[in-house]
Amino acid sequence: MVREWNPRTASSAEIASLLDTLNAVLAADLPQDPPWQESSMREYLSEVMPGERRISWVAQEDDAPDGTPGAIVGHVHVLLLGGIGVLEVLVHPAVRRTGLGRELVRVAARRVWDEGFQSIGVEVVGDTPAVAFYESLGFTRDYVETRSVLDLRTVDWPALTEMSAEVGAGYHVEFWPGGPPDELLEAYARAKAEVRDSDDVELRPSSYDPDRLRDSLATLHRRGMKPYIVLALHERTGDVAGLTEVVVPAQHPTRADQYDTIVVHDHRGYGIDRAIKARMLLELRSAEPQLVEVQTWNAQDNESMLKVNAELGYRPDRDWCEYGVDVAELVHRLDSHR
Ligand SMILES: CC(C)(COP(=O)(O)OP(=O)(O)OC[C@H]1O[C@@H](n2cnc3c(N)ncnc32)[C@H](O)[C@@H]1OP(=O)(O)O)[C@@H](O)C(=O)NCCC(=O)NCCS
């Protein structure tokens, strides 16, 4: 049975059952990824940025004769932001290929349509059944990135310490656990705005103005995801010349996520990219001693960043794609399939 579901008020047993399904999906599709933990899972599923909405549904098996609630074997949510609905679907490997994934997408797509949105986007992990699934529903591939993973146990720490110091004269590098301080928020948002058109990825929008940045940091904290920031300041102007962001999620604290890394155009060619990323890894080593891996996503044509990541020890893992579809077409296709 598929029903709308509110993670904020759901029982702890339901949250735990969904987590079991998520971990079964990971074990089947991404066996190298660490399993998720329950910590802040409810907040992860329910907290959103101001102005955004997430609507969720679950597929739950029938209750047992003794009244024990059935397991949650499928989940879909759609995040409504800007003009797009961003979809995420999970089906337990034990019940796949029975049409449940298609039914979950149908229910969510219908709502996105009713809410007046025109397109749906989804992140699809390469080399998993999701590729054939979304293509069968008429989604097309808009963008491909490569995910790379750095195993901290293989890092050459003395070499990294040297890299962190090799930054051009006139810059200094600062580490800010929790996010940039208030007095730097404006300069920080300016640096992000500058590369907005060239380097941004639609489904993971970043924040370009100070208020939105503040909201975005607060949302991350509420979802149990701790941001760390290293930035390079241009001493003469006070500009943020470069920045790198890593988030350590309570749900998988042994594997951190690299978010944006930006070097502002005028400040390229001074070793800032390598120095700030190296400094970040050194800081994380003491701030988050349980951490064993960092994962990052890069456009395949971003050669300079891929080169720096390779020097730091990142190894390409797999494709990570963005797919999209017109909502009207999707609703029509799914309704006529019933
Ligand atoms: C993608 C996913 C949702 C599909 O769920 P499902 O319930 O098995 O999908 P359905 O049974 O509704 O399949 C619909 C159609 O998709 C296509 N399809 C689905 N899985 C497929 C596969 N493994 N190979 C080829 N085609 C496939 C088929 O055309 C299928 O129709 P058919 O069975 O009549 O041939 C499921 O595999 C899943 O949860 N994957 C993980 C997704 C994810 O988010 N991963 C991120 C963390 S790893």
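Excluded from the calculations below are hydrogen atoms, water molecules and symmetry mates; all remaining heavy atoms, backbone and side chain alike, are included. Atoms within a ligand are numbered from 1 in the order they appear, just like the ligands themselves. This is a predicted model, so every value here is computed, not measured.
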(message) Check this for me: Glu4, atom CD, are more than 12 non-hydrogen atoms of other residues, nucleotides or ligands nearer than 6.0 Å?
(response) yes

(request) Would you check whether Thr128 reaches within less than 4.0 Å of ligand 1, judged by its heavy atoms? (result) no

(message) List ligand 1 atoms under 4.0 Å from Thr98, heavy atoms only on the residue side.
(response) 11 (O)

(request) Select the closest option to atom 47 (C) of ligand 1 among Leu87, Val76, Val25, judged by heavy-atom distance. (result) Val25

(message) Could you identify the single nearest non-hydrogen protein atom to atom 41 (C) of ligand 1 and state the distance to 0.1 Å?
(response) Asp29 OD2, 3.2 Å

(request) Return the option from Val91, Asp33, Leu90 holding the heavy atom at the smallest distance from atom 5 (O) of ligand 1. (result) Val91

(request) Could you check whether the rings of Tyr134 and Phe139 sit parallel, tilted or perpendicular, using 30° and 60° as the cut-offs? (result) perpendicular

(request) Name the closest protein heavy atom to atom 46 (C) of ligand 1, giving the residue it belongs to and the distance to 0.1 Å. (result) Val125 CG2, 4.3 Å

(message) For Tyr323 and Glu135, which I'm curious about, is there any donor-acceptor pair between the side chains at under 3.5 Å?
(response) yes

(message) How far is atom 43 (C) of ligand 1 from the closest protein heavy atom, and which atom is that?
(response) Val89 O, 3.7 Å

(message) Among all the protein's non-hydrogen atoms, which is closest to atom 13 (O) of ligand 1, and how far away is it?
(response) Phe133 CD1, 3.8 Å

(request) Would you mind checking which non-hydrogen protein atom is closest to atom 7 (O) of ligand 1, with the distance to 0.1 Å? (result) Gly101 N, 2.8 Å

(request) Please indicate whether Glu186 has more than 12 foreign heavy atoms, meaning atoms of other residues, nucleotides or ligands, lying under 6.0 Å from its CD. (result) no

(request) For the residue pair His252 and Trp36, categorise the inter-ring angle as parallel (less than 30°), tilted (30 to 60°) or perpendicular (more than 60°). (result) tilted

(message) Yes or no: does Glu88 have any heavy atom under 4.0 Å from an atom of ligand 1?
(response) no

(message) For atom 12 (O) of ligand 1, what's the nearest protein heavy-atom neighbour? Residue, atom name and distance, please.
(response) Arg102 N, 2.8 Å

(message) Could you check, using the six-membered ring where one of them is a Trp, whether Trp5 and His77 have ring centers closer than 6.0 angstrom?
(response) no

(message) Measuring from atom 40 (N) of ligand 1, which candidate in Arg96, Glu123, Glu135 has the nearest non-hydrogen atom?
(response) Arg96

(message) For atom 11 (O) of ligand 1, tell me which residue out of Gly99, Ala130, Ser136, Pro129 has the closest non-hydrogen atom.
(response) Gly99

(request) Show your reasoning for whether side-chain hydrogen bond (donor to acceptor under 3.5 Å, both in side chains) applies to Asn298 and Glu145. (result) CA-CA 5 Å; Asn298 292 106; Glu145 289 186 299; over 6 Å; no

(message) Just to confirm my output: which protein heavy-atom neighbour is closest to atom 26 (N) of ligand 1, and how far is it?
(response) Ala132 CB, 3.4 Å

(request) Would you please classify the geometry between the Tyr171 ring and the His234 ring as parallel, tilted or perpendicular, with 30° and 60° separating the classes? (result) tilted

(message) Give me the residue, atom name and distance of the protein heavy atom closest to atom 20 (N) of ligand 1.
(response) Arg97 CD, 3.4 Å

(message) Is it the case that atom CD in Glu183 sees more than 12 heavy atoms from other parts of the structure closer than 6.0 Å?
(response) yes

(request) Please find out if less than 6.0 Å separates the ring center of His265 from that of His267. (result) no

(message) As an exercise, identify every atom of ligand 1 less than 4.0 angstrom from a heavy atom of Leu30.
(response) 48 (S)

